[in-house]
Asker: 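Quick one: the structure is below, and I'll ask about it shortly.
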Amino acid sequence: MRNPGAPGAATGAPGRTRPLNTYAGWQYILILLVVLVSAVYALPNLFPPDHAVQLSPASPDAALDPRVLERAKAVLAAEKIEYFGEAVKGRAAILRVPNATAQLKAQRALAQALRSADGTDSYVVALNMAPSTPAWLAAIGGQPMKYGLDLSGGVHFLLEVDMKTAMQSLLSSQSVQMRQVMRENRVRYSSRPMGTDRVEFAFPDDGMRAKARGLLAKQFVDFNIQDVAGVDGPMLRLTLREQAIKERQTYAVEQNLQSLRNRVNELGVSEPLVQRLGADRIAVDLPGLQDSAYAKQILGKIANLEFRLVAGAEVPASDTEVYDYNGVQQPLLRSNIVTGNNVTDARPSQDPQTNEPEVSISLDGDGGRHMYEATKDNIGRPMAILYIERQTRTVTRTVGGKQVEEQQRFDVKRLISVATIQAALGSSFRITGLSIGEARELSLLLRSGALAAPMYIVEERTVGASLGEENVRQGVTAGVIGTLLVAACMILNYRLLGLLSVLALMANIMMLLALMSMVGVTLTLPGIAAIALTIGMAVDANVLIFCRIREELEERSPTLAIHAGFDRAFITITDSNLTTFIIAAILFLIGSGPIKGFAVVLSIGLATSVFTAVLVTRALVNLVYGGRNVTKVSV
Amino acid sequence: MAMFKRSIDFMGIRNYAFGFSGFLIIACLALVAVRGLNFGLDFSGGTVVELSFERPVAADDIRSRLDACGFHGAVVQTLGNETDVLVRMPPQDAAAKLEVEKGPCQLSAASAEVAAAVNDPAADNLGHTVAERLRSSVSQPFTVKRNEFVGPAVGEELREQGGLALLAALGLVLVYVLVRYNIKLAIGSIVALIHDPVVTLGAFALFQWEFDLSVLAAILALIGYSINDSIVVADRIRENFRNIRRGTPAEVVNISINQTLDRTVMTSFTTLLTMLALLFFGGSVVQGFAMAMVIGIIVGTYSSIYVSATFALILGMKREDLLEVQKEVFDDGRP
């Protein structure tokens, strides 16, 4: 079989112009260029990011007060925390500190010092990793590798969205609507108990059933409708379509995802990772954070809604609470009609007739019932929606003679909507009279006040920052020692050619690091293990070639032996690396997080190994032995 | 200086070697079935807390203190330098939680406030609770280095996925080898392929080393690594069957193995060096991975020499088998 890797490999073919074991000039230059570019892009890893604290105003509109930076520096000096490299970037001020311990200390000290008198935080003090890549390197896109949690320290949560509950609430609210539709059209039916995935109704006769079927089929397109023979007479069974179920699941996860993202920003982690994992899971990574209890508090449900009637003049003041809405005081009845738990959906939409913006709200079964009861006798009265936000503040108390810091939770309530009831409302109704912006904002608030489905924590990991640093140190040490051992082995065994292969190995490692940095692969401890494995296996290709050359030297001249060695080994190299690549692909598909990282590094390593072993080693060998009369090969 | 021609009669003792391998596989399978693997957190679910003390502590002492607090079923081991302990706890039920709350290990005032504030019962942090309650019982201070919780459902899923991945890897490689070589050699390679992970798993079952996700990754990597060896030998066998006109199949295989011996030993050795470096210097987290790789490489080298070709010979591999295949891809006589 022809060896496609070696240029000019056709022995004895007429018209070949170059002697054996040489590359054309441009080929050498190309290989050199690739190696140099790799070196440049691997360079940023020598400049790891600095631990830093980032100060930014808590409310998104406020600008950064320049005096804050001075105050912060004074605080750090008082606490004897070293800092360096202060900078102001946009709305944030950054102070660099020497290590993770100092970083945590600084964050705590600054958060306490910058707290306002009533305990709320007007500044967010975040843990940050500030890049320290030299400007010229950063300009061409150079960046160091990102560290995974096991190397940077931090908190990791895996949250599972309770789909069953989400489905149940959807079914129940839809079934309430179905009953309403049938009632309005004077279809007589009797409800059957609701199943976990279906709604069933019984009818007095076939005619009524057919009528119901026609009605429901038109309005409830998400359902498959079946005629079923039941004990009590003809029945209809409605099950959600696959498509509708998937859509609902996606919606639940996406909405929870959005809520989580908003809340995570409060935590004081500057590079949080919130992403969907599979059909119903969400992974949250918070590098640098050490206190998982605090994180869980914030991530838990913190906003709610209350729907209340506005009190008329006849209601005594003791039964009302007064809130301000757009400058007007509104007395609200103390009791709730429904709360955020009953809200299943809220979307901005347009009135089909007037094209005016409005918000469509859907409630679940219970909610619809309560809403109906409350509104049917109160047409013409205004109804208010109260948005309750749970916030935390830190207060210092003296307990038993010691200063103790604790998180206090308190609710902030505000009115987000006051609208007049136009008709008896059920489980789906609209709020009109809004501008487009108001409609959008209201539906956003309604949705964030109501988690689409409850979430449970199914996995939680906290890695201490010092452990992270230790892991990095140990991983790098092991890698370096391993490389040195392999290099010694190769040189001792294969002498000059061995030395050339070691040079190729160095190029290999540089290329691997460069690719990982450029692509943005997150480095984890398994990733370091993969690098070690790659180093060990990378020399395999060269070993194959050199063994072959040794054998060929017994029968052929050195020049031909070198040529034959490279040629014949190529197929075997391809075979063996291909099978390892299959394994890496499987690992990538089934693995998650660190194992995926392992697979990616292994795959990149395979590619760079083949490249350097075949091309770089050959180029070096050609430079030493090519194009001249060789009498002896040192191998 | 070329390596002098070695001529070790590997195939001479092949029947003994084969018997030994067979025994090894059965023994290891039995070990895994009977003794079971020491599943790490990823697969078993539960809680792991790593505590770092200032002075050395005894695992037994910590365990009895935990028992006294009401945390039963804890597995405690000291790591490396005896000042660090690893505590593994299975999930607690309601009765156990009650016992702990009423028990002698009370939370400090600050911890109690925080515990009250986090009122999400589904997510109570067992690791954190264990650590905080232990503080009242242990005289010297300690820090929590890491704290991990994996829900049982996730652990079970991972076990299933892991098993599937193993089968998928074996299956894909089988197909690949079938396509590239003849069936007898392919079957031989697959037997060698199964041989390596099974023996490694057996070692883990025997010594009860922790089997976590990175160990599984190591075993999968081993499969890829082991097949490399087998392919190199298979390549050489095929080439020699073509070039060497005389000799029984066993003699041809012997020559092939001798010729590839340098390469086999060298590659195994270099990979072994990096893995040994990882084992001794890489820290506790990658230790499982490194150990699995070291065992796998040693066993793998042995299996490449003896198991794959031997099995093919037993199946009656002859020159004609390989030449037939060769004719289909015959080009210019060079592989």
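Chain naming here is simple, since letters A, B, ... match the order of the sequence lines and numbering starts at 1 in each. Atoms considered below: every heavy atom in the structure, side chains included; atoms not considered: hydrogens, waters and symmetry mates.
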Asker: Give a yes or no on whether a salt bridge exists between B/Arg146 and A/Glu460, defined as a side-chain N under 4.0 angstrom from a carboxylate O.
Answerer: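 No salt bridge links B/Arg146 with A/Glu460.
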
Asker: Check whether A/Leu578 gets within reach of chain B through its side chain, its backbone, both or neither, counting any heavy atom under 4.5 Å.
Answerer: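 Contact with chain B is through the side chain of A/Leu578 alone.
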
Asker: Looking at B/Arg236 and A/Glu551, is there a salt bridge between them, counting it only when a charged N and a carboxylate O are closer than 4.0 Å?
Answerer: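 So A/Glu551 pairs with B/Arg236 through a salt bridge.
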
Asker: Under 4.5 Å, heavy atom to heavy atom: which of residues 539-547 of chain A reach chain B? Give them by number, or say none.
Answerer: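 The list, in residue order, reads A/Val539, A/Asp540, A/Val543, A/Leu544, A/Cys547.
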
Asker: Give, for atom CZ of A/Arg461 and atom OG1 of B/Thr47, the distance between the pair rounded to the nearest 0.5 Å.
Answerer: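 Between A/Arg461 CZ and B/Thr47 OG1, I get 11.0 Å after rounding to 0.5 Å.
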
Asker: Taking side chain as everything from C-beta outward and backbone as N, CA, C, O, which of these in A/Arg473 sits under 4.5 Å from a heavy atom of chain B? Side chain, backbone, both or neither.
Answerer: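 For A/Arg473, neither part sits under 4.5 Å from chain B.
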
Asker: Just give me the residue among A/Gly482, A/Gly475, A/Ala584, A/Ala529 that pairs up with chain B most often, heavy atom to heavy atom, under 4.5 Å.
Answerer: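 The answer is A/Ala529.
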
Asker: Using heavy-atom distances under 4.5 Å, tell me whether A/Ile586 contacts chain B through its side chain, its backbone, both, or neither.
Answerer: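 Only the side chain of A/Ile586 comes within 4.5 Å of chain B.
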
Asker: Relative to chain B, which segment of A/Leu553 carries a heavy atom at a distance below 4.5 Å: side chain, backbone, both, or neither?
Answerer: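 Neither part.
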
Asker: With the side chain counted from C-beta on, respond yes when B/Arg263 and A/Arg548 share a heavy-atom pair under 4.5 Å apart, and no when they do not.
Answerer: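 No; the side chains remain at least 4.5 Å from each other.
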
Asker: Are B/Met266 and A/Met490 side-chain neighbours, meaning at least one heavy-atom pair lies under 4.5 Å?
Answerer: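 Heavy-atom side-chain distance check passes, below 4.5 Å.
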
Asker: If you look at every heavy atom in A/Thr580 and B/Gly224, which pair is closest and at what distance?
Answerer: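 In this case the closest contact between A/Thr580 and B/Gly224 is OG1-O, 4.0 Å.
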
Asker: Could you list all the salt bridge (Lys or Arg N to Asp or Glu O under 4.0 Å) pairs where at least one residue sits in residues 474-494 of chain A, not counting sequence neighbours?
Answerer: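 For residues 474-494 of chain A: none.
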
Asker: For the atom pair CG (A/Asp150) and CD (B/Glu148), what is the distance rounded to the nearest 0.5 Å?
Answerer: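 Taking CG in A/Asp150 and CD in B/Glu148, the distance rounds to 9.0 Å.
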
Asker: Could you report the tightest heavy-atom contact between B/Ile223 and A/Ile583, atom names first, then the distance?
Answerer: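 Heavy atoms only, the tightest pair is CG2-CD1, 4.0 Å.
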
Asker: Quick one: which of A/Val155, A/Thr462, A/Ile528 has the most heavy-atom pairs under 4.5 Å with chain B, could you say?
Answerer: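 Highest number of heavy-atom pairs under 4.5 Å: A/Thr462.
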
Asker: Which residue out of B/Val285, B/Leu273, B/Ile227, B/Leu276 racks up the most heavy-atom pairs below 4.5 Å with chain A?
Answerer: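 Answer, by heavy-atom pair count under 4.5 Å with chain A: B/Leu273.
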
Asker: What closest approach, in Å, do B/Thr270 and A/Val486 show between heavy atoms, and which atom pair accounts for it?
Answerer: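 Looking at all heavy atoms of both residues, the shortest contact is O-CG2, 3.6 Å.
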
Asker: Pick whichever of B/Ser230, B/Ala217, B/Ser52, B/Ala218 has the most heavy-atom pairs under 4.5 Å with chain A.
Answerer: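 Greatest number of close heavy-atom pairs with chain A: B/Ala217.
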
Asker: Taking side chain as C-beta onward, heavy atoms only, is A/Met537 less than 4.5 Å from B/Tyr225?
Answerer: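 Counting from C-beta outward, A/Met537 and B/Tyr225 do come under 4.5 Å.
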
Asker: Using a 3.5 Å cut-off and no angle test, enumerate the donor-acceptor pairs between side-chain atoms of residues 160-173 of chain B and protein atoms at least two apart in sequence or in another chain.
Answerer:
none

Asker: Measure the spacing between CG of B/Leu278 and CD1 of A/Ile481 and express it to the nearest 0.5 Å.
Answerer: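 If I round to the nearest 0.5 Å, the distance is 10.5 Å.
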
Asker: Out of curiosity, B/Met293 CE to A/Leu533 CG, how far, rounded to the nearest 0.5 Å?
Answerer: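 Result: 4.5 Å between the selected atoms.
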
Asker: Measure across B/Phe269 and A/Cys489 and return the closest heavy-atom pair with its distance rounded to 0.1 Å.
Answerer: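 Of all heavy-atom pairs spanning B/Phe269 and A/Cys489, the closest is CD2-SG, 3.5 Å.
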
Asker: Counting heavy-atom pairs closer than 4.5 Å to chain B, which one of A/Arg281, A/His156, A/Glu470 comes out on top?
Answerer: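 Option with the top pair count is A/Arg281.
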
Asker: Could you list the residues that satisfy salt bridge (Lys or Arg N to Asp or Glu O under 4.0 Å) with A/Glu469, not counting sequence neighbours?
Answerer: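 Not a single residue meets the salt bridge (Lys or Arg N to Asp or Glu O under 4.0 Å) criterion with A/Glu469.
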
Asker: Nearest 0.5 Å, what's the CG-CZ distance between B/Leu216 and A/Phe598?
Answerer: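 Reported value, rounded in 0.5 Å steps: 10.0 Å.
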
Asker: Measure across B/Thr271 and A/Gly536 and return the closest heavy-atom pair with its distance rounded to 0.1 Å.
Answerer: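 Here B/Thr271 and A/Gly536 meet closest at OG1-O, 3.4 Å.
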
Asker: Around atom CZ of B/Phe53, are there more than 12 heavy atoms of other residues, nucleotides or ligands at under 6.0 Å?
Answerer: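 Atom CZ in B/Phe53 is packed in, count exceeds 12.
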
